[in-house]
Amino acid sequence: MIVALAFLYIIPLPPYFRQLLSYRQDFLYNSQLFGDANIWRPLTLAPLNGWHAQISLLTPLAVVLLGIQLSRSELYRLLLPVIILAMLSGLLGLLQIISDPQGPLYFYRVTNNGWTVGLFANRNHAATLLALLFPMLAVYASADRGNWSKVSIGQMIAAGTAILLVPLILVSGSRSGLVGTVLGLGAAALVYRRRTGGRSVNQSELKRLNGLPTIGGGVLAISLVVLTHLVSRAEAVERLLNLNAADDERGDFWVISVELFWKYFPWGSGSGSYVQAYQIVEPTRLLDATYLNRAHNDWAETIVNFGLLGIIFLLLAVIAYGVRSYHLWRRSDNSKQSIIYGRLASALIAIIAIASISDYPLRTPTMMGLFAIFALWFTEVDID
């Protein structure tokens with residue numbers, strides 16, 4: 001449905017359709033001046049960007065089409081690769097803050113140089129991905145691995161990783177990442193289920209268990225050293241406590257987004273057109289050497305681009321999410337794997353939705369692909 005909706009806005013339409021839209025009269029007048037008033041044009045104000053938006057949806061669509069072919073157990077085994085991918089991004093961010101801000105570890109021309117962006121160009125997106133790790137690590141630590149020693153090792157690895165995540169998010173300078181961390185820790189407490197491995201410990205396992213305190217102590221010691229070193233650079237907390245004028249501009253962007261919604265009501269400005277729509281009404285007091293690439297509120301940008309249809313789609317998504325989450329969390333069979341992963345996905349989707357209030361994490365291919373996996377986990381369980 002989302003792919004079809006975006007496609008509607010890039011289909012060329014005959015001129016008389018545009019004449020029926022009052023907010024297109026300025027563009028119609030300009031077309032007459034240039035002698036191309038009879039050219040068929042799509043609804044979106046930015047046709048090329050509309051095609052870019054359409055093509056970007058192929059990433060989550062491909063993940064869904066591949067994911068639905070997996071068995072339930074195969075689908076759940078994607079958890080570990082997702083955790084590893086997120087940790088690679090976090091470790092890259094750690095290397096970025098101790099290296100040259102203009103060095104080769106930053107892969108994008110326009111990026112947050114000097115900050116922990118990991119595999120992304122935006123520090124908020126990197127911090128949001130790390131915040132999503134907390135509930136995923138909790139489920140990983142809850143997994144039944146057959147014996148007590150393996151369960152304990154998994155729990156220690158998850159705990160050490162979680163400790164490392166906190167300073168990485170704090171030094172990212174991302175306030176949305178800080179909020180996501182609080183939400184992620186709360187979600188981790190909700191989805192974690194303590195397991196014992198289901199059988200007694202024999203002598204061979206007992207010998208291996210004797211080495212667990214050393215392993216666990218080493219992991220925690222390394223984590224605490226990194227935590228102590230990095231927490232002094234907790235830029236996210238400083239930015240949260242010390243708001244400046246530039247930070248207040250996001251409120252202005254949101255107010256202008258409401259104005260744009262009514263200006264292009266009911267059809268919206270079209271997919272991929274927010275920048276062009278904003279520039280038409282941009283106040284002179286906000287003009288500077290930079291340009292606004294997003295509304296920094298994906299909920300608002302969606303309804304600006306798609307108008308009334310955008311609101312309907314968002315409402316349908318929120319209602320479907322709420323109904324399914326209600327049935328998932330009220331179930332009493334907490335040990336069932338499909339319920340555990342369904343609740344995990346419910347928490348992950350909520351964190352991304354809240355992060356989208358002040359940012360746009362789902363505009364990146366990586367997060368779109370991961371979100372598709374979360375949606376598959378979310379809908380895999382059969383609700384009675």
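Any value given below was found using the heavy atoms of this structure, including those in side chains, with hydrogens, waters and symmetry copies removed. Quick caveat: nothing in here was measured; it's all calculated off a predicted structure.
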Trainee: Is there a side-chain contact between Pro101 and Trp115 in this structure, where contact means two heavy atoms from C-beta onward sitting under 4.5 Å apart?
Mentor: no
Trainee: Taking the side chain as every heavy atom from C-beta outward, state whether Gln96 and Leu92 have any atom pair closer than 4.5 Å.
Mentor: yes
Trainee: Calculate, to the nearest 0.5 Å, the distance between atoms CG and CE belonging to Leu370 and Met136 respectively.
Mentor: 7.0 Å
Trainee: Any luck finding a side-chain donor-acceptor pair between Ser257 and Tyr278 under 3.5 Å?
Mentor: no
Trainee: Determine whether Leu133 and Ile352 fall in the same hydrophobic cluster, where Ile, Leu, Val, Met, Phe, Trp and Tyr are linked whenever their side-chain heavy atoms lie under 4.5 Å apart.
Mentor: yes
Trainee: For residues Asn305 and Gly272, report the shortest heavy-atom separation together with the two atoms involved.
Mentor: ND2-N, 4.1 Å
Trainee: Do the side chains of Tyr140 and Thr161 get nearer than 4.5 Å, heavy atoms only?
Mentor: no
Trainee: Pick out which of Tyr326, Trp377, Tyr321 makes a side chain to side chain donor-acceptor pair (under 3.5 Å) with Ser346.
Mentor: Tyr321
Trainee: Is there a donor-acceptor contact under 3.5 Å from the side chain of Tyr106 to the main chain of Gly114?
Mentor: yes
Trainee: Using a 3.5 Å distance criterion without hydrogens, assess whether the side chain of Asn297 forms a donor-acceptor pair with backbone atoms of Ile357.
Mentor: yes
Trainee: According to a 4.5 Å side-chain heavy-atom criterion applied to Ile, Leu, Val, Met, Phe, Trp and Tyr, with indirect links allowed, do Tyr108 and Leu94 form part of one hydrophobic cluster?
Mentor: yes
Trainee: If you round to the nearest 0.5 Å, how far is OG of Ser174 from CG of Asn122?
Mentor: 7.5 Å
Trainee: Would you indicate whether the side-chain heavy atoms of Leu137 and Leu165 approach each other to under 4.5 Å?
Mentor: yes
Trainee: List the steps, then state whether side chain to side chain contact (heavy atoms under 4.5 Å, CB included) holds for Leu178 with Leu170.
Mentor: CA-CA 7 Å; Leu178 189 60; Leu170 291 178; 3.6 Å; yes
Trainee: Check the side chains of Gln276 and Ser273 for a donor-acceptor pair under 3.5 angstrom, ignoring hydrogens and angles.
Mentor: no
Trainee: Say whether, by atom type as modelled, one donor and one acceptor occur between the side chain of Thr364 and the main chain of Pro361 under 3.5 angstrom.
Mentor: yes
Trainee: Please step through side chain to side chain contact (heavy atoms under 4.5 Å, CB included) for the pair Arg72 and Tyr341, ending with a clear verdict.
Mentor: CA-CA 11 Å; Arg72 178 172 289 184; Tyr341 276 83; over 6 Å; no
Trainee: With heavy-atom distances below 4.5 Å as the criterion, would you say the side chains of Phe7 and Ser271 are in contact?
Mentor: no
Trainee: For the backbone of Ala46 and the side chain of Thr44, can you confirm whether one donor and one acceptor N or O come within less than 3.5 Å of each other?
Mentor: yes
Trainee: For Asn112 and Arg123, indicate whether the former's side chain and the latter's backbone hold a donor-acceptor pair under 3.5 Å.
Mentor: yes
Trainee: Do His327 and Val323 have side chains that approach each other closer than 4.5 Å (heavy atoms only, starting at C-beta)?
Mentor: yes
Trainee: Does the Trp254 side chain pair with the main chain of His296, one donor and one acceptor, at a distance under 3.5 Å?
Mentor: yes
Trainee: Output, in order, the C-alpha distance, side-chain angles, deciding distance and verdict of side chain to side chain contact (heavy atoms under 4.5 Å, CB included) for Thr366 and Leu119.
Mentor: CA-CA 9 Å; Thr366 298; Leu119 298 173; 5.9 Å; no
Trainee: With rounding to the nearest 0.5 angstrom, report the CG to CH2 distance, Leu190 to Trp329.
Mentor: 5.0 Å
Trainee: Using the rule ring pair (Phe, Tyr, Trp, His ring centres under 6.0 Å), only one of Tyr9, Phe313, Trp299 pairs with Phe306; which is it?
Mentor: Tyr9
Trainee: Any heavy-atom pair between the side chains of Leu5 and Ile2 that's under 4.5 Å?
Mentor: no
Trainee: Rounded to the nearest 0.5 Å, how far does NE2 of His125 lie from CG of Leu362?
Mentor: 9.0 Å
Trainee: Please determine whether residues Tyr360 and Leu314 belong to a single hydrophobic cluster, defined as Ile, Leu, Val, Met, Phe, Trp and Tyr linked transitively by side-chain heavy-atom distances below 4.5 Å.
Mentor: no
Trainee: Taking Arg294 for its side chain and Asp359 for its backbone only, find out whether a donor-acceptor pair lies under 3.5 Å.
Mentor: no
Trainee: Rounded to the nearest 0.5 Å, what separates atom OG1 in Thr128 from atom CG in Leu348?
Mentor: 12.0 Å
Trainee: Linking I/L/V/M/F/W/Y whenever any side-chain heavy atoms sit under 4.5 Å apart, do Val281 and Leu286 land together?
Mentor: yes
Trainee: Can you find a heavy atom in the side chain of Pro365 that is under 4.5 Å from one in the side chain of Ser56?
Mentor: no
Trainee: Nearest heavy-atom pair of Phe253 and Ala295: which atoms, and what distance?
Mentor: CB-O, 4.0 Å
Trainee: Kindly give the heavy-atom pair with the smallest separation between Ser89 and Val117, and that separation in Å.
Mentor: OG-O, 4.4 Å
Trainee: Looking at every heavy atom in both Ile351 and Pro135, which two are closest together, and how far apart are they?
Mentor: CD1-CG, 4.4 Å
Trainee: Nearest 0.5 Å, what's the CD1-CG distance between Ile373 and Leu66?
Mentor: 10.0 Å
Trainee: If you take all heavy atoms of Val139 and Val191, which pair is closest and at what distance?
Mentor: CG2-CG2, 3.9 Å
Trainee: Between Ser176 and Asn124, which heavy-atom pair has the shortest distance, and what is it?
Mentor: OG-OD1, 3.5 Å
Trainee: Yes or no on side chain to side chain contact (heavy atoms under 4.5 Å, CB included) for Leu78 and Leu70, after CA distance, side-chain angles and deciding distance?
Mentor: CA-CA 10 Å; Leu78 291 175; Leu70 300 177; 4.1 Å; yes
Trainee: Treat each ILVMFWY residue as a node, draw an edge where side-chain heavy atoms are under 4.5 Å apart, and state whether Val255 and Leu260 are in one component.
Mentor: no
